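Since the structure comes first, as structure tokens, the remarks are kept for the end.
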Number of protein chains: 2
Amino acid sequence: MQKMKILIIEDAETVRNELKDFLTAYGYEVEAPDDFQHVLSYATKEDIHLILLDINLPVFDGYFICREIRKSSQVPIIIVTSRNNEMDELMSMNLGADDFVTKPYHTQILLARIDAVLKRAYKQPEALSLTVGELKLHLANGTISYKGGHQELTKNEFKILHYLMVKKGSIVSREELMEHLWSSDLFVDDNTLSVNVTRLRRKIESLGMENPIETRRGLGYILS
Amino acid sequence: MQKMKILIIEDAETVRNELKDFLTAYGYEVEAPDDFQHVLSYATKEDIHLILLDINLPVFDGYFICREIRKSSQVPIIIVTSRNNEMDELMSMNLGADDFVTKPYHTQILLARIDAVLKRAYKQPEALSLTVGELKLHLANGTISYKGGHQELTKNEFKILHYLMVKKGSIVSREELMEHLWSSDLFVDDNTLSVNVTRLRRKIESLGMENPIETRRGLGYILS
DNA sequence: CTGCAAATTTACCGCTCCTTTACATGCGAG
DNA sequence: CTCGCATGTAAAGGAGCGGTAAATTTGCAG
């Protein structure tokens, strides 16, 4: 399995660093930012595979953050809580969280939970690649292949194709894609998306496949 | 979502029956056999969607059963355990179980876990659609289908049909539709609506269906 | 039947949305 | 530093959506 990247959202610096060291030691890549303003932009990054979310945060409530993440991403979330009552458990489950851990926890249990959730989320034998027709997108190294040929994708091309593949069969509005590619506080011309789509189409066509990214004028793009 | 069938593997008859009644009340189909010799044949049945497995069984250990099931099936398994130590949690996770619940548990928590696991395992691409007669409007990709044929709709056509379908059976005035299609500050000729309705009718008829959009002269349109 | 308003239909074409090419910038590897 | 690649911007081109106008049809009232 590819190297998994975990995002830690936790306000206590000591806990954060301990966790980071611990998980790094066990072979995970870890992001542990200390600014909670921009935590959401971290969370929706492509390369985050799991989020460890402390529910007990200052400023934004962890519940709020969880919901916000779920609006735009299905990345697995494990909620860490010190509130040890059932309501929390229930609410956590309804928030779209994948699991939760109650403090204090044994580190080995945390590891087991993480493993389990990751396995669940990314286990499908072909979870390492998505397909449209005979076109394969390899998640591990960001390449596409078609009938023997292959091409490397840039970050943007990957994000676009990945998102469209996940939503295969549904129209994805340009707006939605824009939000997925660029944090909303960054102002990027709408045309830039078009350019990136063109570049992606070029690469796919260079493999001999006819363009699978359909444009629905005024609505968005759709992969079929 | 279809009706889900849960298999309970539990030795204590009272618990078994309580669980069965409880889950049945919440809309699940439940199998709760009392013979543990043949539990494995139950477990691998096609129509079992989830297994609730008590780890603390006589004769066969629950661990053994879990492993056996996993040899031949990927059906989701939730392990129920009263042993409240870490080893159990760890081992359960490594058995291929999808989740576990520690006794004593609150029934609402059990429900939440079951829901979560089922949702993960059987989430479908949700073919959300509205219908009139045999005509289907697919919300995800903005197409209509009728007896195997498909047609793509433009933005306006989609809006019109969608609105009429939502209000199926009642008359929708032209003014109401106009407001729904164009922001009121934009002045669009009344005739434009007629043209768009015509275009929509064309596409529906091209699928071999007779026009379902009835005009009530002086009142509006109605879908029947 | 006649007249008129409402709705349909056809044809046209402008304008928005999207594509595409070319160029500028900037960052990372060596 | 310098080269190369990724990526954003600018500008020109194109295609089809969809609005307009005019002709035609439908339906209702007197």
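Just so we're clear, the structure is a prediction, and the values are computed from it rather than from any experiment. First the proteins, then the strands, lettered A, B, ... as listed; each starts at 1.
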Inset, instruction - Would you please test A/Ile8 and A/Glu31 for side chain to side chain contact (heavy atoms under 4.5 Å, CB included) and show each step? - result: CA-CA 6 Å; A/Ile8 297 176; A/Glu31 294 252 1; over 6 Å; no
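Residues B/Glu157 and B/Arg199 are not paired through a salt bridge, judged by the lack of any N-O separation under 4.0 Å between the basic side chain and the carboxylate.
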Legend entry - Where protein sits on nucleotides 24-30 of chain C, one letter per nucleotide: B base, S sugar-phosphate only, - none, heavy atoms under 4.0 Å: -------
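If you check the side chains of A/Arg217 and B/Thr154, you find no donor sitting under 3.5 Å from an acceptor. Judged by distance alone, the side chains of A/Arg174 and A/Tyr221 do bring a donor and an acceptor atom under 3.5 Å apart. A/Tyr146 and A/Gln151 are not linked by any side-chain donor-acceptor pair at a separation below 3.5 angstrom, with hydrogens and angles left out of the test.
Regarding contacts with the backbone of D/dT7, every side-chain N or O of A/Trp182 stays at 4.0 angstrom or more from both OP1 and OP2.
Here D/dG18 presents its P atom at 18 Å from CG of B/Asp190, a figure rounded to the nearest Å. Taking atom CZ of residue A/Arg216 and atom C1' of nucleotide D/dG18, one finds them 17 Å apart after rounding to whole Å. Counting to the nearest Å, the C1' atom of C/dC17 and the CE atom of A/Met178 are 14 Å from each other.
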Atom pairs under 3.5 Å, N or O on each side, protein against nucleotides 12-17 of chain D: can you list them with distances?
none

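Residues from residues 193-200 of chain A with heavy atoms under 4.0 angstrom of DNA chain D, sorted by number: A/Val195, A/Asn196, A/Arg199.
Looking at A/Leu19, A/Ile9, A/Leu7 one by one, the single match for side chain to side chain contact (heavy atoms under 4.5 Å, CB included) with A/Leu52 turns out to be A/Leu19.
Enclosure of atom NZ in B/Lys203 by more than 12 non-hydrogen atoms of other residues, nucleotides or ligands within 6.0 angstrom is indicated. Within a 6.0 Å sphere centred on CD of A/Glu214, other residues, nucleotides and ligands contribute more than 12 heavy atoms. Around NE2 of A/His150, the count of heavy atoms belonging to other residues, nucleotides or ligands within 6.0 Å does not exceed 12. No more than 12 heavy atoms of other residues, nucleotides or ligands lie within 6.0 Å of CD in A/Glu175, so this atom counts as exposed by the packing criterion.
Position along DNA chain C of the nearest nucleotide to B/Arg202 versus B/Arg174 favours B/Arg174 as the more 5'-ward residue.
Within the model, atoms CD1 of A/Ile65 and CG of A/Leu53 stand 6.0 Å from one another, a figure rounded to the nearest 0.5 Å.
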